[in-house]
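Everything on this sheet refers to the single structure shown next.
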Amino acid sequence: MRASEFLLSTLKETPSDAEVISHQLMLRAGLIRRVAAGIYNWMPLGLRVLRKVEQIVREEMERAGALELSMPVVQPGELWQESGRWDLYGPELCRLEDRHQRPFCLGPTHEEVITQIARSEVKSYKQLPLNLFQIQTKFRDEIRPRFGVMRSREFIMKDAYSFHIDQACQEQTYWRMHEAYTTIFRRLGLDFRAVEADTGAIGGNHSHEFHVLATSGEDAIAFSTDSDYAANVELAPAIPGPQEEAGDPEPLLEKFATPDMTTIEDLAEQLGIPAQRSIKTLLAKDAQGDLVALVVRGDHRLNAVKAAKLPGMLSPLVLAEAAEVKQRLGAGFGSLGPVGLPLRVVVDRTAASMPDFVCGANEDGYHLRGAIWRRDVPDCEVADIREIVNGDPSPCGHGTLEIRRGIEVGHIFQLGTKYSEAMAATVLDEQGRSQPMVMGCYGIGVTRIVAAAIEQNHDSKGIIWPTAMAPFDVAIVPLGMDKSDAVRDATESLYAACEAAGWSVLMDDRPERPGVKFAEVELLGIPVRVTIGDRSLAEGHLEITLRRSGETDMVAPEKATEAIRALLANQ
RNA sequence: CGGGGCGUAGCGCAGUCUGGUAGCGCACCACACUGGGGGUGUGGUGGUCGCAGGUUCAAAUCCUGCCGUCCCGACCA
């Protein structure tokens with residue numbers, strides 16, 4: 001590709017409405033342009049990247065035995081009513097009517113359509129298992145689209161759905177997809193982790209999210225320093241440290257005045273009580289609307305996902321209102337404690353291992369010290385309800401947990417028979433009995449991958465593409481091409497040689513100054529740059545510069561393609 | 001959905017408080033110089049000042065309504 005024939009729409013300045021680095025760089029490099037909130041054009045340069053990602057995803061899905069198909073973006077409301085999601089999905093589902101006032105929606109996902117396909121095409125267990133995928137535009141009317149294509153309303157997703165006669169077969173495909181995803185992200189050249197995730201409302205034995213690690217990620221994930229264990233922090237079990245020795249003699253329970261102190265920080269700052277020596281008591285509602293006390297150590301946070309899974313609790317977790325607490329218990333939020341509390345009390349395992357503790361006295365302006373679980377709160381339940389923190393022992397038994405941030409780019413889970421039952425997608429088994437098909441579902445955020453890759457791979461000059469995703473493999477930057485026949489000849493012959501070698505090449509044949517060309521190639525993040533100028537040509541070589549390291553090699557023109565091949569293979 | 005910010009040329013912004021009929025930098029076009037890191041000069045193109053209504057002799061500026069867009073928040077006691 002000659003730059004003079006391409007649409008390079010780079011910006012020197014950062015658009016003011018872009019906050020995160022990937023969004024800024026995607027706009028500056030001219031990969032995308034905004035059309036409306038959360039809706040973007042993919043410009044020629046950006047589309048090249050997108051297509052590369054899609055192609056790798058497609059190849060690995062096919063290698064793993066999945067078949068590509070294409071389902072519509074516009075879907076009949078009827079199908080969604082059948083699955084029950086027409087009423088459940090909420091305003092994220094963009095609904096519309098056709099000219100006959102029939103309900104339709106823009107597909108935020110395709111379970112309904114795929115299930116309809118399966119029930120009409122698959123009649124026998126002999127046709128199973130079946131794994132179908134598409135790379136398709138989705139629309140989710142997000143409350144708050146943000147971060148460019150990272151959380152946009154219209155986006156491209158690879159979604160695959162598998163159908164099975166039983167759970168065991170589904171598990172096999174599940175792990176095959178796990179492997180395929182691992183290969184995909186490795187081929188893309190991304191630093192990623194597969195992490196155990198919440199199986200959510202649908203259930204199933206497993207669910208894994210694939211995260212690209214980046215400090216700007218929206219999700220927190222925990223992983224072991226010494227093993228492959230990794231989990232979403234929502235899910236990772238919090239293991240108490242070694243049990244502390246009880247004081248001897250046992251401390252006495254003692255009430256003391258704490259005027260205007262209603263937070264753990266107040267106690268720490270004003271009375272010097274370390275947060276690790278106090279506990280905090282939160283109140284949530286159970287399914288009957290009764291209050292339940294949830295207790296964690298002062299320096300820990302409640303994990304709402306874990307707490308919601310306690311027997312009898314509302315899910316998602318609902319915390320109590322201040323007014324109700326005041327009325328029921330006669331004390332404000334900041335003065336609560338488990339001692340003598342006439343409620344069900346659930347204590348986090350780590351808090352329960354404290355030999356004694358400081359807590360609210362259930363009376364405004366007072367706290368208790370010297371409280372001991374066994375003696376003062378004999379009827380409490382103990383459970384894992386806190387958020388893990390850096391340095392917690394790993395649940396796998398090896399090493400400690402480290403928390404890092406990630407961008408979710410893939411998610412695989414087990415659907416069971418939720419949709420096949422709702423939509424009567426059944427097959428006959430070996431005994432001739434009708435069975436709902438067991439389903440799995442596997443998604444990859446294709447457009448999000450592009451942004452995530454930039455979050456992870458950039459510097460002050462711009463994007464640094466992993467080679468597999470780069471819009472061009474090689475940039476040829478001739479200097480003074482219009483003035484020098486030597487430069488022109490060397491450039492044209494290298495261009496032809498690179499094309500012949502099968503690389504995609506951007507040849508900057510524009511009459512721009514060198515600084516402009518260099519800055520642009522660096523902003524675009526093309527992995528290898530070949531600079532051709534009279535100066536170095538006179539000394540018998542071309543300059544080959546790597547985007548990532550900035551290193552430059554001097555190479556004889558006839559050895560150039562060989563050198564480029566080696567560099568591309570190494571990137 | 002709640003709170004806040006912003007809307008003036010393709011991009012970044014000033015001008016708004018204190019009303020007088022629109023400006024700067026970048027980009028773009030032409031020419032000249034320059035020619036290995038976003039160069040210099042001269043001359044240009046481009047704007048219903050988000051939209052609608054109101055106040056006024058006069059509105060980018062004041063008032064009202066609407067729209068768009070971005071950010072923050074939506075469990076921590």
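Here is how names work: the chains are called A, B, and so on, in the same order as the sequence lines, proteins then strands, and each is numbered from 1.
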Problem - Short side-chain N/O contact from A:T262 to OP1 or OP2 of B:rA77, under 4.0 Å - result: no

Problem - Rounded distance in Å between the C1' positions of B:rG50 and B:rA9 - result: 14 Å

Problem - Side chain of A:L283 (C-beta onward), nearest among B:rA77, B:rC75, B:rC1 - result: B:rA77

Exercise for the section: Go ahead and name the base partner of B:rG23; Watson-Crick or wobble counts if both distances stay under 3.5 Å, otherwise write none. Expected result: B:rC13

Handout entry: Pair assignment for B:rU69, Watson-Crick or G-U wobble, requiring both distances under 3.5 Å
Key = B:rG5

Problem - Nearest-angstrom distance from the residue atom CD of A:E218 to P of B:rG73 - result: 10 Å

Exercise for the section: Tell which nucleotide pairs with B:rA32, taking only Watson-Crick or G-U wobble pairs whose two distances are both under 3.5 angstrom. Expected result: B:rU40

Practice task
Find the distance A:R513:CZ to B:rU40:C1' and express it as a whole number of Å.
Solution key: 9 Å

Handout entry: Donor + acceptor pair across side chains of A:N41, A:R34 (<3.5 Å)
Key = no

Exercise for the section: Please report, rounded to the nearest Å, how far the C1' atom of B:rU69 is from the NE2 atom of A:H23. Expected result: 11 Å

Practice task
In whole angstrom, give the distance that lies between atom CD of A:E520 and atom P of B:rA27.
Solution key: 11 Å

Exercise for the section: Assign the ring pair A:Y40 / A:H23 to parallel, tilted or perpendicular, where the plane angle (0 to 90°) is split at 30° and 60°. Expected result: perpendicular

Problem - Test log, rule side-chain hydrogen bond (donor to acceptor under 3.5 Å, both in side chains), inputs A:T258 and A:H367 - result: CA-CA 6 Å; A:T258 50; A:H367 277 73; 2.7 Å; yes

Exercise for the section: Please state whether the base of B:rG10 and the side chain of A:E13 form at least one donor-acceptor pair under 3.5 Å? Expected result: no

Problem - A:K280 side chain, from C-beta outward: closest of B:rC13, B:rC70, B:rC76 - result: B:rC76

Exercise for the section: Indicate, yes or no, whether a donor-acceptor pair under 3.5 Å links the base of B:rG38 to the side chain of A:E512. Expected result: no

Problem - Euclidean distance, atom CZ of residue A:R535 to atom P of B:rG37 [Å, nearest integer] - result: 8 Å

Practice task
Using a heavy-atom cut-off of under 4.0 Å over every strand shown, decide if A:R28 touches base, sugar-phosphate, or nothing.
Solution key: base

Handout entry: Value rounded to 0.5 Å, distance of CG in A:N303 from CD in A:E387
Key = 4.5 Å

Handout entry: Phosphate contact (B:rC13 OP1 or OP2) by A:S16 side-chain N/O below 4.0 Å
Key = yes

Practice task
With A:R48 as the cation and A:F472 as the aromatic partner, state whether NZ or CZ is under 6.0 Å from the six-membered ring centre and within 45° of the axis.
Solution key: yes

Exercise for the section: Please measure how far the P atom in B:rA59 lies from the corresponding atom in B:rC51, and state the result in whole Å. Expected result: 15 Å

Practice task
Give one of base, sugar-phosphate or nothing for A:K483, where a contact means two heavy atoms less than 4.0 Å apart.
Solution key: base

Problem - First of A:I143 and A:S536 reached from the 5' end of RNA chain B, by closest nucleotide - result: A:I143

Practice task
Choose from B:rA77, B:rU69, B:rG38 the nucleotide whose nearest atom is closest to any side-chain atom of A:A519.
Solution key: B:rG38

Problem - Cation-pi check, A:K138 onto A:F155 ring (under 6.0 Å, within 45° of axis) - result: no

Exercise for the section: By nearest nucleotide on RNA chain B, pick out whichever of A:R153 and A:F333 is the more 5' one. Expected result: A:R153

Problem - Inter-nucleotide P distance (B:rC70, B:rA30), Å rounded - result: 35 Å

Exercise for the section: Look through every strand shown and name the nucleotide pairing with B:rG47 as Watson-Crick or G-U wobble, where both distances are under 3.5 Å. Expected result: none

Exercise for the section: Quote, to the nearest angstrom, the P distance that separates B:rU45 from B:rG23. Expected result: 12 Å

Handout entry: Assigned partner base of B:rU55, Watson-Crick or wobble definition, under 3.5 Å
Key = none

Exercise for the section: Check whether any side-chain N or O of A:K12 sits under 4.0 Å from OP1 or OP2 of B:rA27, and answer yes or no. Expected result: yes

Practice task
Check the distance between B:rC71's C1' and A:E19's CD and give it to me in whole angstrom.
Solution key: 6 Å

Completion exercise
To the nearest angstrom, the CD-P distance between A:E324 and B:rC75 comes to 18 Å

Exercise for the section: For A:R146 and B:rC71, give me the distance from atom CZ to atom C1', rounded to whole Å. Expected result: 10 Å

